[in-house]
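In this text the structure is predicted, and so the values were computed from the model without any measurement. To find a chain, count down the sequence lines: A is the first, B the second, and so on, and within it residues start at 1.
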Amino acid sequence: MAGVVTVRLPDGSTRELAEGTTALHLAESIGPRLAKAAVAATVDGAEVDLSAEVPDGSTVSVVTAESDAGRNVIRHSTAHVLAQAVLRLWPGAYFAIGPVIEDGFYYDFELPGGAHFSDDDLGRIEATMREIMKEDQPFVRHEHSIQDGLTLFEDQPFKREIIEAVGVGANEIDAAPGDESAPEVSTYWNSPVFADLCRGPHVPSTGRLGFFTLMRVAGAYWRGDEKRQQLQRIYGTAWESEKALAAYLHRLKEAERRDHRKLGAELDLFSFPEEIGSGLPVFHPKGGTVRRLMEEYSRTQHVAAGYEFVNTPHISKAELFETSGHLSWFVDGIFPPMELDGGQQYYLKPMNCPFHILIFKSRQRSYRELPIRMFEFGSVYRYEKSGVVHGLTRVRGMTQDDAHIFCTREQMPSELFTTLTFVLSLLRDFGLEDFFLELSTRPEGKAVGTQEEWDEATDALRSTAEKMDLDLVLDEGGGAFYGPKISVQARDAIGRTHQMSTIQLDFQLPQRFDMEYVGTDNGRHRPIMIHRALFGSVERFFAILLEHYAGALPTWLSPEQVRVLPLSDAHQAYADAVEDRLRSLGIRVSLDGADEPLGARIRRAKMTKVPYILVVGDDDVAGGSVGVNRRGSKQPERGVLMESFVDGLTTEIAERGSPEGAGAVPGGGS
RNA sequence: GCCUGGGUAGCUCAGUCGGUAGAGCAACGCAUUCGUAAUGCGUAGGUCAGGAGUUCGAUUCUCCUCCCAGGCUCCA
């Protein structure tokens with residue numbers, strides 16, 4: 001029955017092929033270049049190997065190396081080779097899972113005798129992987145019943161566990177995309193002695209791989225569970241070409257260049273003195289200035305938006321956090337208590353909300369007062385496990401730009417709307433432009449509040465979010481047990497996303513603190529409570545801005561806006577006058593005298609990323625002008641009239657611009 | 001907290017197969033007075049993260065602690 005099969009291609013055309021034709025043959029029949037680029041195929045949407053036969057009537061497309069799907073195939077296959085190499089070098093090792101992740105892959109192992117990988121092992125493993133690739137071993141797929149699979153991987157406990165999970169129809173372990181419902185497992189053999197459990201597809205043979213590098217070793221818990229054993233994980237990256245690999249490594253370098261910890265030291269903004277402790281930063285004068293500017297701008301905007309400012313202490317009696325519930329569900333994040341006054345326990349505050357609630361409760365409230373919007377730059381302390389502190393983004397002491405809004409149920413939708421609008425506009429003022437929203441809904445099982453309350457609040461959040469004309473991602477069941485939330489995610493200059501602000505409804509605290517107000521009906525009602533942090537923490541926001549701008553902050557946020565350089569001592573007096581004039585306008589300006597060559601002074605100023613360097617010499621003294629060297633520009637401008645420079649500068653500051661141009665992100669793109 | 005790798009001058013790093021250390025930049029001093037990314041010479045600067053152990057002797061070897069990086073877990 002040697003017949004003919006007809007398949008449909010993605011462009012809608014159809015092709016007739018001899019029965020038994022593989023996806024690779026199909027690619028070859030379309031063109032040699034396609035065949036060369038092919039790494040896998042999809043048949044009716046499901047990914048298959050190139051060696052798979054294409055069935056009659058199916059829609060087939062070829063997956064090429066230079067697509068996301070193709071890269072994933074390459075990465076998955078490279079991970080597979082990694083496992084083979086490790087088993088070759090450490091006979092008796094157990095191998096667990098080796099999924100594709102963003103830009104790469106990893107594989108988890110348990111080495112015999114409790115051995116661990118060291119960084120030096122990476123080179124050996126990589127060399128062995130290259131040997132395997134050189135051997136050009138084919139990846140051959142086999143299907144097995146659950147029982148056969150268990151027998152085959154008799155001495156591989158992790159594989160057995162995965163197979164058993166497949167057996168009960170709960171296969172979510174292997175991160176390869178695709179749906180798996182058949183009670184069957186598949187393996188890939190690329191040598192008589194090595195097989196891996198894998199859904200596939202894989203590249204046809206190991207010779208198709210090679211543009212990879214192993215990045216690092218790390219510990220990882222089996223199935224991500226802290227209570228289970230820790231495995232040894234190797235991370236790697238793999239690409240379709242040498243060029244793509246190099247581009248990726250370059251991107252990593254770029255991110256490193258922007259690292260706020262590095263910039264913080266280089267620009268003398270902040271540091272982490274060991275004497276103070278892990279995760280406890282100090283801000284130097286320049287960093288302190290930037291912080292002050294951020295906070296001042298934020299305060300001004302909050303006043304305009306109808307917030308009232310409150311202040312609360314950093315410690316309180318234990319009972320407050322018992323009432324709030326923090327001591328039962330957030331203990332791990334709270335520093336241990338101190339005992340004062342004959343046994344009374346005090347805690348450093350991990351959150352500001354209970355304090356704000358007490359302000360609300362300081363007297364009886366009427367509906368006429370609502371909404372009440374309380375704002376505070378509140379310093380909180382959280383005990384973070386030693387392994388998680390990270391620069392300014394994860395610290396143990398931080399200042400939140402924290403606000404709590406207390407309103408009636410009727411006011412909730414409009415409050416949410418104005419809050420979200422406010423949040424977005426403030427973030428835009430700081431130069432972040434690219435946002436999307438995430439809506440986190442009720443977690444099943446353990447949630448306080450009635451279903452009705454949740455529905456009403458979630459609907460209010462959703463309709464608010466939908467009015468924003470931004471992408472909205474649903475985080476089903478991702479809300480906290482005490483209420484749903486919207487979080488604002490921002491993409492930075494090099495495309496990374498950061499969770500910025502959150503707007504969170506709270507059904508728990510008003511109840512626990514028995515909050516109430518008197519309504520029009522003279523009855524007592526419970527207010528709605530909205531938690532809202534905009535920067536998240538000032539420290540973290542600072543870090544994000546620094547990385548977003550690669551240290552070249554917009555002029556209004558620059559700790560030093562202008563530096564004046566007299567060409568020689570003869571121009572000192574004029575330079576002083578220029579400096580005084582700018583300072584009188586509130587410009588942050590400094591002067592670097594002529595006891596070093598101009599080039600050296602220019603260089604030093606450039607390295608601190610001052611927006612404007614003014615060089616003044618004879619011509620300028622004579623003509624009342626300045627030589628303007630603008631950050632980001634190669635060509636200095638000579639003979640700019642002082643007043644014209646001042647006009648341009650003050651306008652730029654008022655508009656929160658940068659010397660590089662409106663909304664410019666220096667070094668962005670790359 | 002766990003895994004891997006680190007901590008040498010303010011910074012970036014070299015070095016010591018166990019005999020208490022060196023460069024560049026920065027700082028300071030003197031000279032230099034210059035038109036757009038490094039002027040020259042000189043000086044000073046170190047409990048080699050901290051503690052304990054082994055040793056005649058430890059920055060080096062062992063153990064513990066602290067801190068940092070990358071992960072896991074967690075999260076603003």
| B:rG22 and B:rA44, which share atom name P, separated by this distance in whole Å | 13 Å
| request: Tell me what A:Tyr383 touches on the nucleic acid: a base, only sugar-phosphate, or nothing, going by heavy atoms under 4.0 Å. | output: sugar-phosphate
| task | For the residue pair A:Ser379 and A:Thr399, confirm or rule out a side-chain donor-acceptor distance under 3.5 Å. | result | yes
| message | With nearest nucleotide decided by heavy atoms, which residue, A:Ala594 or A:Met607, maps closer to the 5′ end of RNA chain B? | response | A:Ala594
| said: Tell me whether the rings of A:Trp329 and A:Phe481 are parallel (<30°), tilted (30 to 60°) or perpendicular (>60°). | reply: perpendicular
| field | A:Phe105 ring center within less than 6.0 Å of A:Tyr107 ring center | value | no
| remark: Where RNA chain B forms runs of at least three Watson-Crick or G-U pairs (i with j, i+1 with j-1, under 3.5 Å), the stems are B:1-7 with B:66-72, B:10-13 with B:22-25, B:27-31 with B:39-43, B:49-53 with B:61-65
| Which whole-number value in Å describes the distance from A:Gln229 CD to B:rC3 P? | 14 Å
| Toward the 5' end of RNA chain B, which comes first, A:Gly627 or A:Phe117, by nearest nucleotide? | A:Phe117
| task | Provide the full list of side chain to side chain donor-acceptor pair (under 3.5 Å) pairs with a residue in residues 614-624 of chain A, sequence neighbours left out, each pair given once. | result | A:His571-A:Asp618, A:Asp619-A:Arg638, A:Asp620-A:Ser625
| Six-ring centre of A:Phe321, A:Lys349 cation under 6.0 angstrom, axis tolerance 45° | no
| message | Once you apply a heavy-atom cut-off of 4.0 Å, does A:Asp619 come out as touching a base, just sugar-phosphate, or nothing? | response | base
| When the P atoms of B:rA37 and B:rA76 are considered, how many whole Å apart are they? | 46 Å
| request: Rounded to whole angstrom, note down the P distance from B:rG15 over to B:rG1. | output: 32 Å
| Looking at A:Phe95, A:Phe158, A:Trp90, which one forms a side-chain contact (heavy atoms from CB on, under 4.5 Å) with A:Glu110? | A:Phe158
| How does protein contact run along nucleotides 68-74 of chain B, one letter per nucleotide 5' to 3', with B for base contact, S for sugar-phosphate only, - for none, heavy atoms under 4.0 Å? | SSBBBBB
